[in-house]
> 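One structure is given below, represented as structure tokens, and several questions about it will come after.
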Amino acid sequence: MPERLAIDGGTPVRSSVLPYGRQQIDDEDVAAVVAALRSAWLTTGPAVEEFERKFSEYVGASHAVAVSSGTAALHAAMDAVDLKAGDEVIVTPMTFAASANCIVYCGGTPVFADVEPGTLLLDPAQVEAKITPRTRAVVAVDYTGQPAALDELLQICRKHDLVLIEDACHALGAEYHGRKVGSIADMTVFSFHPVKHITTGEGGMITTNRDDLAGSMKRFRNHGITSDFKQRAQTGSYYYEMVELGYNYRLTDLQCALGVTQLHKLPGWLERRRAFAAQYNEAFGGMNGVTPLKVRQNVLHAYHLYVAKFEASDKTHDRDWIFKALRAEGIGVNVHYIPVHLHPYYRKTWGTGEGLCPVAEAAYSKIISLPMFNGMSDGDLADVIASVEKLHL
Ligand SMILES: Cc1ncc(COP(=O)(O)O)c(C=O)c1O
């Protein structure tokens, strides 16, 4: 007799809900933020430079530009492309809306290209098929923490003179053919939202090896002004020039101080995430109804998310039922993502809809993200596996 499921009134596997992701803050982090609070600089101070320097060294890029969120990072990167009205940018639909929204912020036209079925990463062949004389850039997402097909995408971008923006908000610490993401695309974007690998509350970073793009993004985060407050304090000058339109997208010293101490802990945290993923893979390898996403050759996955396709073998239950059944067991599952081109804004404003990216749409009806964060215990992981097992898919 199978155990009664919590969704049917049985006893849940867990009495408290395990979230799908959450931050980890320790005494070192708290002390660093308190020290920044007591310092002379709450913003545009030395902690910003320190975080940028350590971050660029970690990923192996020449420049890192800290901004107030991953969304601001995408906006700054897209602004640096210098789109003209009607210019097109190709983007994956299997992402958070901000990856496409940044194109619209900058007056561009978003063009959705479909993903590969096994990895749900942007499909280079689909990108090539969507290129027109108006195409200026490609936004590829390292979905779940696996690097996009960077060699193939860079080859296409070089051939057609396009800028490659890599949205690595899921992929801090991931490696592609032995190189860390952040040093490969023209610009790489990161987020420090609390569910990401490291957090600054809200926060983001763009890395690049190009001096011109770094300069443009540093102005953009500071109203389009050529110097910041600290530089003027050092030279004793009041004079500054606003040379282009920008925003206040600065990241504070309090946040950067936290970023520095979080970054110290990243290598150990990545190991934990990879170990959890290996245990999930092993458990689901012998289970019906659960298909983990494929991992490409020569990459080191950063596992921001652990996504699998779920399908009951007798087809009596769909993804939404499986989602609810796991939630009832106390497992805080999630779905990443509703394909961006299916959101009402994109349908209404850009005429997108079903059929535009059939692979992403088919995957969306099956995917579930299971809990994945460094602070999870081995017992938490065992609860997730037991809950999936209990469904007898
Ligand atoms: C792929 C992707 N891009 C961009 C963002 C936006 O980052 P933020 O929330 O820091 O603005 C996120 C955050 O959820 C994301 O997952």
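Values reported hereafter were calculated over all heavy atoms of this structure, with side chains retained and with hydrogens, waters and symmetry mates removed. Just follow the structure's listing: the first ligand is 1, and inside any ligand the first atom is 1. The first residue in the sequence is number 1, and the count goes up from there.
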> Would you kindly confirm whether L74 and V163 end up in one hydrophobic cluster when ILVMFWY residues are joined by side chain heavy atoms under 4.5 Å apart?
yes
> Would you mind running through ligand 1 and noting each atom that sits below 4.0 Å from a heavy atom of S99?
3 (N)
> Decide, yes or no, whether a salt bridge links E128 with K159 under the criterion of side-chain N to carboxylate O below 4.0 Å.
yes
> Do the rings of F192 and F55 sit parallel, tilted or perpendicular, given the 30° and 60° boundaries?
perpendicular
> Answer side chain, backbone, both or neither: which part of V189 comes under 4.0 Å from ligand 1, heavy atoms only.
neither
> One residue to check: Y337. Relative to ligand 1, which of side chain, backbone, both or neither has a non-hydrogen atom less than 4.0 Å away?
side chain
> Report the nearest protein non-hydrogen atom to atom 14 (O) of ligand 1: residue, atom name, distance rounded to 0.1 Å.
K196 NZ, 2.9 Å
> Atom 3 (N) of ligand 1: which protein heavy atom is closest, and how many Å away?
D167 OD2, 2.7 Å
> How far is atom 8 (P) of ligand 1 from its nearest protein heavy atom, and which residue and atom is that?
G70 N, 3.5 Å
> Where does T71 meet ligand 1, judged by heavy-atom distances below 4.0 Å: at the side chain, the backbone, both, or neither?
both
> Listed by chain and number, what are the ring-ring contact (aromatic ring centres under 6.0 Å, His included) partners of F284, not counting sequence neighbours?
Y280
> Please list, in number order, the atoms of ligand 1 under 4.0 Å from a heavy atom of S191.
7 (O), 8 (P), 10 (O)
> Is the shortest distance from a Lys or Arg side-chain nitrogen in K54 or E50 to a carboxylate oxygen in the other one below 4.0 Å?
yes
> Would you say the side chains of T132 and E88 form a donor-acceptor pair under 3.5 Å?
yes
